[in-house]
Amino acid sequence: MKRKTGQDRSITTRWRPATQAIRGGTARSEYGETSEALFLTSGYAYDCAGDAAARFAGEQDGMTYSRLQNPTVQMLEERIALLEGAEACRTMASGMAAMTAVLLSQLQAGDHLVGGRAAFGSCRWLTDTLLPKFGIGTTVVDARDPQAFLDAVRPETKVFFFETPANPTMDIADLSAICAIARERGITTVVDNAFATPALQRPMDFGADVTAYSATKMMDGQGRVLAGAVCGTQDFIDNTLLPFTRNTGPTLSPFNAWVVLKGLETLDLRIRRQSENSLKVGAFLEGRVPRVLHPGLPSHPQHELAMRQMSAAGPIFAFELDGGRTQAHGLLDALELIDISNNIGDSRSLMTHPASTTHSSVAEEKRLEMGISEGMIRLNVGLEDADDLIEDLDRALRAVGL
Ligand SMILES: Cc1ncc(COP(=O)(O)O)c(C=O)c1O
């Protein structure tokens with residue numbers, strides 16, 4: 001099939017991921033540039049009024065307005081779709097724009113959604129607050145237990161929505177088991193795959209219908225821009241998602257799309273090196289703190305499942321201190337190298353205290369139910385030398401008596 005980018009899908013889908021990450025989606029202009037061009041334009045000019053009319057009628061190929069199409073954005077969408085093994089992808093202005101659009105585009109009053117309990121704070125806000133406001137019923141379950149999804153199903157259930165690994169508890173959901181339950185009942189599975197990215201885990205290979213991303217995280221990978229993406233079948237993207245996004249406008253800026261295109265070129269290299277660093281740092285912490293939640297370490301209760309679904313555990317993990325918020329904040333304040341930051345997926349190591357930042361909008365009892373204690377800390381391990389990170393942590397742990 002000839003794609004809008006000019007590339008032939010029968011060829012690009014045969015490329016291996018490393019090739020797709022560099023060349024997938026590239027559409028050269030008449031200047032033959034090697035690096036993808038940045039098309040900073042909000043609109044497009046037509047040769048004649050008839051062409052404008054034909055494009056609006058869908059009778060002529062071409063772009064009409066950058067809320068709907070942009071060449072740089074399309075290159076990114078094609079590249080992500082190829083890496084994901086999806087028929088199509090649509091990018092958004094942020095991860096939350098992607099999550100909101102993927103849910104609101106397919107749900108209406110009277111429908112029901114089953115969501116994972118452990119999730120990014122704003123994703124929980126969508127499930128707990130936004131959807132019920134529009135008459136959409138929601139049930140939150142422990143996503144570690146596929147049976148919990150089955151038990152929560154109602155005749156009006158339309159969507160399962162969860163993260164794996166989950167932010168910040170590192171809970172792992174069994175993709176094959178949950179997606180099979182959904183498939184049998186005609187329920188759409190939406191997986192937030194921000195922590196793993198297609199470089200480590202492709203939920204559609206396990207039966208997921210839709211994957212959604214904060215591309216702000218590992219896909220950009222250098223903490224520069226906000227971006228989001230939704231992948232699914234061409235039918236889902238064209239007929240469910242697009243009518244919502246083209247009229248509500250959570251569009252990704254071409255500049256941000258260009259930055260993420262460059263980020264994807266090094267995604268595999270970065271995520272594998274960061275995963276190695278993360279394992280070294282996690283193993284060091286295991287000897288020093290009461291609890292480490294790292295899916296790559298055998299001590300994680302779902303280590304085997306994680307390693308069946310992911311080719312490496314990724315850069316992010318959590319650990320817990322017994323001294324609650326005071327000790328956790330004390331540790332963060334004693335760091336000299338690792339930054340205190342609520343972002344993840346950056347090539348810099350970043351540490352956050354979820355209860356007082358990313359999950360502070362979630363009520364305390366809900367946080368505890370999700371498994372987020374006052375002593376929990378989340379660490380994104382970057383590309384620095386792991387020994388420098390371990391020295392920084394060693395110093396900070398001693399400062400709080402550990
Ligand atoms: C799992 C997960 N989903 C969604 C988001 C939201 O992404 P964004 O900040 O790009 O809107 C985040 C952000 O941290 C996240 O960790």
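Atoms within a ligand are numbered from 1 in the order they appear, just like the ligands themselves.
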Residue [X] vicinity, atoms of ligand 1 by number, heavy atom under 4.0 Å:
| X | result |
| --- | --- |
| Ile344 | 16 (O) |
| Asn167 | 15 (C), 16 (O) |
| Glu163 | 1 (C) |
| Ser94 | 10 (O), 11 (O) |

- Under 30°, 30 to 60°, or over 60°: which ring-plane class applies to Phe160 and Phe149, parallel, tilted or perpendicular?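 Correct class here is tilted.
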Report yes if some heavy atom in the side chain of [X] is under 4.5 Å from a heavy atom in the side chain of [Y]; otherwise report no.
| X | Y | result |
| --- | --- | --- |
| Pro168 | Ile344 | no |
| Leu82 | Thr13 | yes |
| Val141 | Phe162 | no |

- Best match, Lys217, Met92, Met96: closest heavy atom to atom 11 (O) of ligand 1: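 The option holding the nearest heavy atom is Met96.
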- Message: Once you restrict to heavy atoms under 4.0 Å, what part of Thr358 touches ligand 1? Side chain, backbone, both or neither.
- Response: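 Contact part for Thr358 vs ligand 1: neither.
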- Task: Give the residue and atom name of whichever protein heavy atom lies nearest to atom 12 (C) of ligand 1, and the separation in Å to one decimal.
- Result: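 Going atom by atom, the protein heavy atom closest to atom 12 (C) of ligand 1 ends up being Phe120 CD2, 3.5 Å.
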- Query: Got the closest protein heavy atom to atom 10 (O) of ligand 1, with its distance?
  - Reply: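 Ranked first by proximity to atom 10 (O) of ligand 1 is Thr216 OG1, 2.6 Å.
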- Check whether any side-chain N or O of Glu87 sits under 3.5 Å from a backbone N or O of Gln234 as a donor-acceptor pair, and report yes or no.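 Answer holds: yes.
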Would you say the side-chain atoms of [X] and [Y] include a donor-acceptor pair closer than 3.5 Å?
| X | Y | answer |
| --- | --- | --- |
| Lys262 | Ser35 | yes |
| Arg270 | Thr266 | yes |
| Glu320 | Ser373 | yes |

Short N or O distance, [X] and ligand 1, threshold 3.5 Å exclusive:
| X | answer |
| --- | --- |
| Asp192 | yes |
| Ala194 | no |
| Gly95 | yes |

